[in-house]
Amino acid sequence: MSGGRLIAIEGIDGAGKTTLARGLLMALPELVVLREPGGAAVSERVRALVADPSLRVDARAEALLFAAARAQLVSEVVVPLLRDGRWVVLDRFVDSSLAYQGAGRGLGVEAVAAINAFACGDVRADLTLYVRVSPEVAAARVAAAGSLDRIEAAGPEFFARVVDAYDALAAAAPERYVVLDGSDAPETVVSRALAALKTLQ
Ligand code: TYD
């Protein structure tokens with residue numbers, strides 16, 4: 001995959017991942033920015049399914065649905081782009097499942113890593129930008145933004161487990177993880193992320 005790079009943006013709901021993704025694209029228009037779940041037709045349908053507050057979704061089914069959406073996105077979109085040498089930014093990737101389903105839903109990080117290894121083959125993030133905020137700050141931002149989707153409605157203990165899991169993932173892979181303070185001004189978060197991207201060249 002000559003020249004291509006895969007950059008993941010991670011963090012809890014309300015951290016400011018999407019603002020960061022937009023800022024990166026403004027600064028570097030040659031990037032391809034995709035969101036998870038979504039980014040391919042099949043994956044967008046799965047996104048609608050997992051977000052629907054009127055559905056009861058078993059935790060294992062939820063983990064498999066995210067993995068299925070990811071498998072489609074990787075094979076249909078990400079692998080061809082990387083082969084073309086493009087730099088792909090994913091607004092969420094495997095570590096979202098490790099944190100949300102593995103820790104948040106209590107399925108176990110290793111079990112969820114195993115299904116994601118099956119889903120993604122050898123495609124891994126070269127760099128993970130982790131936008132970190134406390135669960136309290138994130139909850140206030142999400143509440144201010146309006147109605148909650150099925151996962152956003154999971155409650156404070158759930159999000160505390162998710163943040164702990166992200167922190168542990170960052171600590172275990174310091175060569176891949178860049179931790180950005182999501183309570184900083186958006187321009188600061190973007191410029192720190194751009195500095196981290198330079199190290200990939
Ligand atoms: P998110 O990027 O936050 O979308 P939006 O900006 O529309 O809220 O992702 C949607 C939700 O899906 C979010 O609550 C996190 C959750 N999610 C998981 O639980 N596991 C995953 O693997 C992924 C990709 C997302």
Side-chain angles (χ1 to χ4, degrees), residues 6-25 33-40 42-74 77-78 88-120 123-125 128-133 135 137-166 169 182 186 189:
L6 183 55
I7 298 124
I9 303 180
E10 294 287 354
I12 57 175
D13 296 85
K17 294 173 294 81
T18 306
T19 307
L20 171 58
R22 275 197 215 110
L24 291 178
L25 189 58
V33 178
L34 302 164
R35 67 170 184 180
E36 266 218 31
V42 166
S43 315
E44 290 291 341
R45 293 221 197 158
V46 175
R47 180 186 183 87
L49 200 65
V50 288
D52 187 342
S54 73
L55 293 176
R56 201 189 60 79
V57 184
D58 170 78
R60 284 166 194 268
E62 184 180 275
L64 289 163
L65 284 167
F66 281 118
R70 185 165 294 130
Q72 184 71 32
L73 177 70
V74 164
V77 185
V78 174
V88 180
V89 175
L90 285 177
D91 185 345
R92 298 195 179 280
F93 193 44
V94 172
D95 292 0
S96 281
S97 284
L98 303 185
Y100 279 75
Q101 281 66 52
R105 300 287 193 220
L107 292 177
V109 169
E110 280 181 21
V112 177
I115 60 169
N116 278 277
F118 177 71
C120 300
V123 175
R124 290 194 190 86
T128 298
L129 302 169
Y130 168 30
V131 190
R132 190 183 191 288
V133 288
V137 167
R141 289 183 185 170
V142 168
S147 64
L148 304 184
D149 70 23
R150 196 181 54 81
I151 291 175
E152 285 164 352
E157 295 84 15
F158 176 87
F159 282 103
R161 288 195 296 277
V162 173
V163 170
D164 285 350
Y166 274 130
L169 290 167
V189 179

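Start at 1 and go down the list; that is how both ligands and their atoms are numbered.
- With respect to atom 14 (O) of ligand 1, the closest heavy atom belonging to the protein is Asp13 OD2, 2.8 Å.
- Annotation: atom 1 (P) of ligand 1 to nearest protein heavy atom, Arg92 NE, 3.4 Å.
- Side-chain atoms of Arg150 come within 3.5 Å of backbone atoms of Val50 as a donor-acceptor pair (strictly under, hydrogens ignored).
- Contact of the Thr128 side chain with the Leu169 side chain is not registered, since no non-hydrogen atoms from C-beta on lie closer than 4.5 Å.
- With contacts defined as side-chain heavy-atom distances shorter than 4.5 Å, the pair Leu6/Phe93 qualifies.
- Closest to atom 10 (C) of ligand 1, if we only count protein heavy atoms, is Pro37 CD, 4.3 Å.
- Closest to atom 8 (O) of ligand 1, if we only count protein heavy atoms, is Glu152 OE2, 3.2 Å.
- Among protein heavy atoms, atom 17 (N) of ligand 1 sits closest to Phe66 CZ, 3.3 Å.
- Annotation: atom 22 (O) of ligand 1 to nearest protein heavy atom, Ser97 OG, 2.5 Å.
- Not a single heavy atom of Glu62 sits less than 4.0 Å from an atom of ligand 1.
- Ranking the protein heavy atoms by distance from atom 24 (C) of ligand 1 puts Arg70 NH2, 3.4 Å first.
- The closest side-chain heavy-atom distance from Asp13 to Leu148 is not below 4.5 Å.
- The closest donor-acceptor contact from the side chain of Glu44 to the backbone of Gly39 lies under 3.5 Å.
- Remark: the backbone N or O of Gly38 is not paired with any side-chain donor or acceptor of Arg70 at under 3.5 angstrom.
- Among Arg150, Arg47, Glu36, the residue whose heavy atom lies closest to atom 4 (O) of ligand 1 is Arg47.
- Judged by distance alone, with hydrogens and angles left aside, the side-chain atoms of Arg141 form a donor-acceptor pair with the main-chain N or O of Ala15 at under 3.5 Å.
- Near Ile151, with a cut-off below 4.0 Å to any heavy atom, the atoms of ligand 1 are 12 (O), 14 (O), 16 (C), 19 (O).
- Panel note: side chain Arg35, backbone Asp91; no donor-acceptor pair is recorded below 3.5 Å.
- Neither the backbone nor the side chain of Arg35 comes within 4.0 Å of ligand 1, counting heavy atoms alone.
- Within the 4.5 Å cutoff, the side chain of Ser96 has heavy atoms near those of the Glu10 side chain.
- Every atom of ligand 1 with a heavy atom of Lys17 under 4.0 Å away is listed here by number and element: 2 (O), 3 (O).
- From the protein, the heavy atom lying nearest to atom 19 (O) of ligand 1 is Gln101 NE2, 2.9 Å.
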